[in-house]
Number of protein chains: 2
Amino acid sequence: MAIQDFSQSLPMMLYRALDEIMPKFRCIFNEFALTEQQWRILRVLWEHDKITLGRLSDLTLIPSPSLVGIVDRLIKAKLIRRERSDADRRMIFVVATEEGRNLEAKVMPRVNEIYKEIKEPFSMQQWGQLIDGLDQISHFNKKTVTNEHKE
Amino acid sequence: MAIQDFSQSLPMMLYRALDEIMPKFRCIFNEFALTEQQWRILRVLWEHDKITLGRLSDLTLIPSPSLVGIVDRLIKAKLIRRERSDADRRMIFVVATEEGRNLEAKVMPRVNEIYKEIKEPFSMQQWGQLIDGLDQISHFNKKTVTNEHKE
DNA sequence: TATTAATTGTTAATATATTAACTAATACGA
DNA sequence: TCGTATTAGTTAATATATTAACAATTAATA
């Protein structure tokens, strides 16, 4: 019944894992004058030619109110542009400029290098278990229990 | 050689896991007029009667520049207080007030409830593997390879 | 078709993160 | 003991997160 160690709680372990690996990546982003969030947006645009702000928010995990300013700064840096939808005038598409697309070839190799370094000490099975566990956490609010109707 | 899916990268999986579980906790914190960071500080003070700002920063994973303001606001809420060290006048201890200590009995049960809910769908083995994996990530910068001298 | 509801983005206010520079106090070496 | 390096906290500037409220547009429905 005693208080368990706060440092070993799941949230703190997740935060600590991020604190440990992200500075390495941010170091690279900074070399290209990018913030982590700006990187995330570009990273998604390299996989999607054209994407609405809503979907961009989902894929980057950047909350929409934050997205507004981050997109503004990326536009000022001439790396992306806004494009209002004709079909539905509420929607706004975001598109990478040529300069934005060109960054991919420069940044991705550096990032993949670090990524490989992080992954290296893991066995393939260990890594799979880690990813599976994280994936299960990520679906916590959707289907806690599969074989049972909830509410 | 093609770009792997950004959404399945380790950093995004970690962020997504946090995005999924933290709102539930924050919901409780807000009931007690606490922010997540304020909670973290109190949570640590419930395990340590007296702690320096530096160590508090390490345990809460709150960067020291942020800590200043967060501690200020907790003091204004009469939940903690500062106490300068006599032995080393550079150091500042943080201590919970009685009001701050009293929060533990009210908040912890609610938090433990959610925590149990998150942990529930996992087998004990699965959970252990997840924690071990996160722990290994957290030691990335310390000892990437054990049986080898680096540098 | 006029109203209402839902969707998509945005603005605003406050709190926190990031990075660099800075102060005060202490430790250390010539 | 003086000068220097180190350590503990802080301040400053900018970027982002969180929450609530809001505007514009579209969808739904009586």
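Letters A, B, ... are given to chains in the order of the sequence lines, protein chains preceding strands, and every chain is numbered from 1.
Rounded to whole Å, the distance from NZ on A/K76 to P on D/dT14 is 11 Å. At whole-Å resolution of the value, CZ in A/R73 and C1' in C/dT18 are 13 Å apart. In this structure, A/F29 places its CZ atom 13 Å from P of C/dT18, rounding to the nearest Å. Summarising the geometry, the separation between CH2 on A/W39 and P on C/dT18 is reported as 18 Å, rounded to the nearest angstrom. Put simply, OH on A/Y15 is 12 Å from P on D/dA17, counting in whole angstrom units. Computed from coordinates, the A/I62 CD1 to C/dT10 P distance equals 14 Å when rounded to whole Å. In this entry the distance linking CE of A/M22 with C1' of C/dT18 reads 13 Å, nearest Å. Nucleotide C/dT16 holds its P atom 16 Å from the CG atom of A/D19, rounded to whole Å.
With salt bridges taken as basic N to acidic carboxylate O contacts below 4.0 Å, none links B/E20 and B/K24.
A side chain to side chain contact (heavy atoms under 4.5 Å, CB included) with A/V71 is found for one member of A/R82, A/Q38, A/Q37 and no other, namely A/R82.
Residues passing the side chain to side chain donor-acceptor pair (under 3.5 Å) test with A/Y115: none are found, sequence neighbours excluded.
Atom CD1 of A/I51 sits about 11.0 Å away from atom CD1 of A/I80, to the nearest 0.5 Å.
Without hydrogens or angle criteria, B/T52 side chain to B/F93 main chain gives no donor-acceptor distance under 3.5 Å.
Note that B/R40 lies in the cation-pi zone of A/Y15, set by a 6.0 Å cut-off to the ring centre and a 45° limit from the axis.
The nucleotide whose nearest atom lies closest to any side-chain atom of B/R26 is, among C/dA17, D/dT16, D/dT19, D/dT19.
Taking only side-chain nitrogens and oxygens, A/Q37 comes nearer than 4.0 Å to OP1 or OP2 of D/dA17.
Summary of the strand contacts: A/G69 and A/D86 both lie near DNA chain D, and taking for each the nucleotide with the nearest heavy atom, the more 5' one is attributed to A/G69.
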Checklist entry - Quick one: what's the B/S/- string for nucleotides 5-12 of chain D, heavy-atom cutoff under 4.0 Å, read 5' to 3'? => result -BBSSBBB
With a cut-off of 3.5 Å and sequence neighbours excluded, list every side-chain donor-acceptor pair involving residues 125-137 of chain A.
residue, atom, partner, partner atom, Å
A/Q126, OE1, A/S123, N, 3.1
A/Q126, NE2, B/Q136, OE1, 3.2
A/Q136, OE1, B/Q126, NE2, 3.2
A/Q136, NE2, B/P121, O, 3.3

